[in-house]
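Read through the structure below, which is laid out as structure tokens, and then see the notes.
These numbers come from the heavy atoms of this one structure, side chains and all, not from hydrogens, waters or symmetry mates. Counting convention: from 1, in listed order, for ligands and their atoms alike.
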Amino acid sequence: MTQDTFTINYPAISVGTEKTDIIFYTSEETPNIHSILIPAGQQGRILVTDTTVIGLPVMQPVAKAFGVDATVEAGSCYRNGAHTLLVLGPGESHKTIENILTIIRTALDSGLQRSSTFVGIGGGVICDMTAFAASIFKRGARLELVPTTLLAMVDAAVGGKTGCDFESYKNMIGTFYPAARLHMFSEFLQTLPASEYRSGLAETLKTALLYAPKLFSILQNQKEQVLEREPELVRQIIRRCVIAKASIVEKDLTETGLRMQLNLGHTFAHALETCAGLGALPHGDAVAWGIGRALQLSLNVGLCDQEYRDDVEAVLEQYGWCKDPYHPVLEGKISPQDAGCLLLSAMKKDKKNSSSSVRFILQREINSTVIQEVDEDTVLKVLEA
Ligand code: GLY
């Protein structure tokens, strides 16, 4: 039977979403951050950041230009000519639909147009929220992002995912909306708390295992320099992650297949975060533990060999991440005997999974990844201490 069909073809969505220019700045260029983010002669822009980021040394030229003092409160708004700076509260608890509406209301009050630019300056939360607000403001305004954490530089700000949390669901509302420009000031990493830096390193490890063997050997062999944040090495790490992720999102922006690989370790990580309580451990620490579990599962189902699993475990150990089935964040909350069942049940609640099996990103070896359903009993074996 022939069907009467008609296809409408579309160009890229909205202004500036057809490509992303990524600009890596040197430390000499960093003090010019204000004129880079608000170039002279441009129409009004809205800059969105949070109360932590606005106090960082790199941000002082921006804070000074807007007259922000040390006692800035969440929700404060500052003007500099046609430009507006909105400062939100920091962290996951502020990733709300109410704050998306605050960004949009502020942009409207500032007289911004569809051709105006939204600039998100912060970690994953601020980048995701500013991008989401830009994507729905008058059906799509121009977007630039300035990721200020390692996690945002190597992952969250790259590739157009936007959104906010809703009720207890992480990133439940959102869009795909790539930024026209990403500004990489690696100087931000010099003042990043050690736990947040390590959290970003876990996403770096994920990218290395998926696509970048050279990056894996940097993590294996140059631990001291990596942890000391040696500037040239850090720039190289970010660049390698961005190039690897670019090659995936260029082929599958909206995650219909290939992009799912970027969730290596995340099925386990999200279950751990749910069981431990959101925010009980940095996201990257949960991802690192999840990578260890995914590799153990890959070994148990006969995909990878022991040597590869051991190499990955050695890196987890080197950087102080948990490589055991029972994560210490659960201590005092869930016993080792109950943890397996509860983690599995959290995985099954994920809407992507059916009742008797859960889908995992697994590996044969570095740079060789498969997406596979695994039965409950086999999964339980890698969760039981
Ligand atoms: N963070 C995973 C992705 O961007 O698809």
Side-chain angles (χ1 to χ4, degrees), residues 13 17 19-20 22 92 95 120 122-132 134-135 143 145-165 169-180 182 184 196-212 215 237-274 278 281-291 294 347 350-353 359-363 367 369-371:
I13 300 164
T17 57
K19 69 177 172 85
T20 302
I22 301 169
E92 195 71 31
K95 198 175 182 182
V125 169
I126 287 291
C127 288
D128 282 7
M129 284 205 299
T130 310
F132 183 30
S135 76
L143 173 69
L145 294 175
V146 187
T148 62
T149 62
L150 183 60
L151 193 143
M153 288 180 197
V154 299
D155 192 46
V158 185
K161 278 190 180 174
T162 87
C164 66
D165 302 337
Y169 299 99
K170 232 170 120 82
N171 298 327
M172 182 47 71
I173 313 175
T175 54
F176 289 98
Y177 198 78
L182 280 188
M184 298 287 195
E196 278 197 55
Y197 181 69
R198 220 170 58 126
S199 186
L201 284 179
E203 295 285 2
T204 303
L205 172 63
K206 174 198 82 177
T207 306
L209 298 179
L210 289 171
Y211 312 113
L215 185 55
I237 288 172
I238 298 166
R239 189 177 273 276
R240 284 179 190 275
C241 286
V242 167
I243 290 170
K245 189 161 178 186
S247 73
I248 301 307
V249 297
E250 275 176 354
K251 295 188 195 94
D252 181 21
L253 177 67
T254 56
E255 200 171 306
T256 54
L258 189 64
R259 187 172 181 161
M260 287 176 199
Q261 293 182 351
L262 294 173
N263 292 325
L264 175 66
H266 283 64
T267 303
F268 289 103
H270 290 154
L272 180 65
E273 287 173 302
T274 302
L278 280 183
L281 81 170
H283 175 64
D285 288 2
V287 170
W289 174 80
I291 290 172
M347 287 176 202
D350 188 318
K351 61 184 180 316
K352 290 195 285 293
N353 296 310
R359 207 177 325 149
F360 291 92
I361 315 300
L362 302 178
Q363 288 206 295
N367 220 350
T369 305
V370 287
I371 300 176

* Before giving the answer on salt bridge (charged side-chain N to carboxylate O under 4.0 Å, His left out), spell out for D155 and K245 the whole-Å C-alpha distance, their side-chain angles and the decisive distance to 0.1 Å. => CA-CA 8 Å; D155 192 46; K245 189 161 178 186; 2.9 Å; yes
* For T274, check side chain to side chain donor-acceptor pair (under 3.5 Å) against everything at least two apart and list the hits. =>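 Once residues adjacent in sequence are excluded, T274 has no partner under the side chain to side chain donor-acceptor pair (under 3.5 Å) criterion.
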* To do: Using the test side chain to side chain donor-acceptor pair (under 3.5 Å), find all partners of R240 that sit at least two apart in sequence or belong to another chain.
  =>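 Residues passing side chain to side chain donor-acceptor pair (under 3.5 Å) with R240: Q236.
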* Hey, what's the ring geometry for H283 with H270, parallel, tilted or perpendicular (30° and 60° as the breaks)? ->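 Parallel: the ring planes of H283 and H270 meet at under 30°.
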* In order of chain and number, which residues sit within 4.0 Å of ligand 1 by heavy atom? ->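 Around ligand 1, where the cutoff is 4.0 Å for heavy atoms, the contacting residues are D155, K161, K245, E255, R259, L262.
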* Results of side chain to side chain contact (heavy atoms under 4.5 Å, CB included) for R239 - residues two or more places apart only ->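 Residues passing side chain to side chain contact (heavy atoms under 4.5 Å, CB included) with R239: F24, I243.
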* Look at the side chain of N171 and the backbone N and O of C164, then say whether any donor-acceptor pair between them is shorter than 3.5 Å. =>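 Absent.
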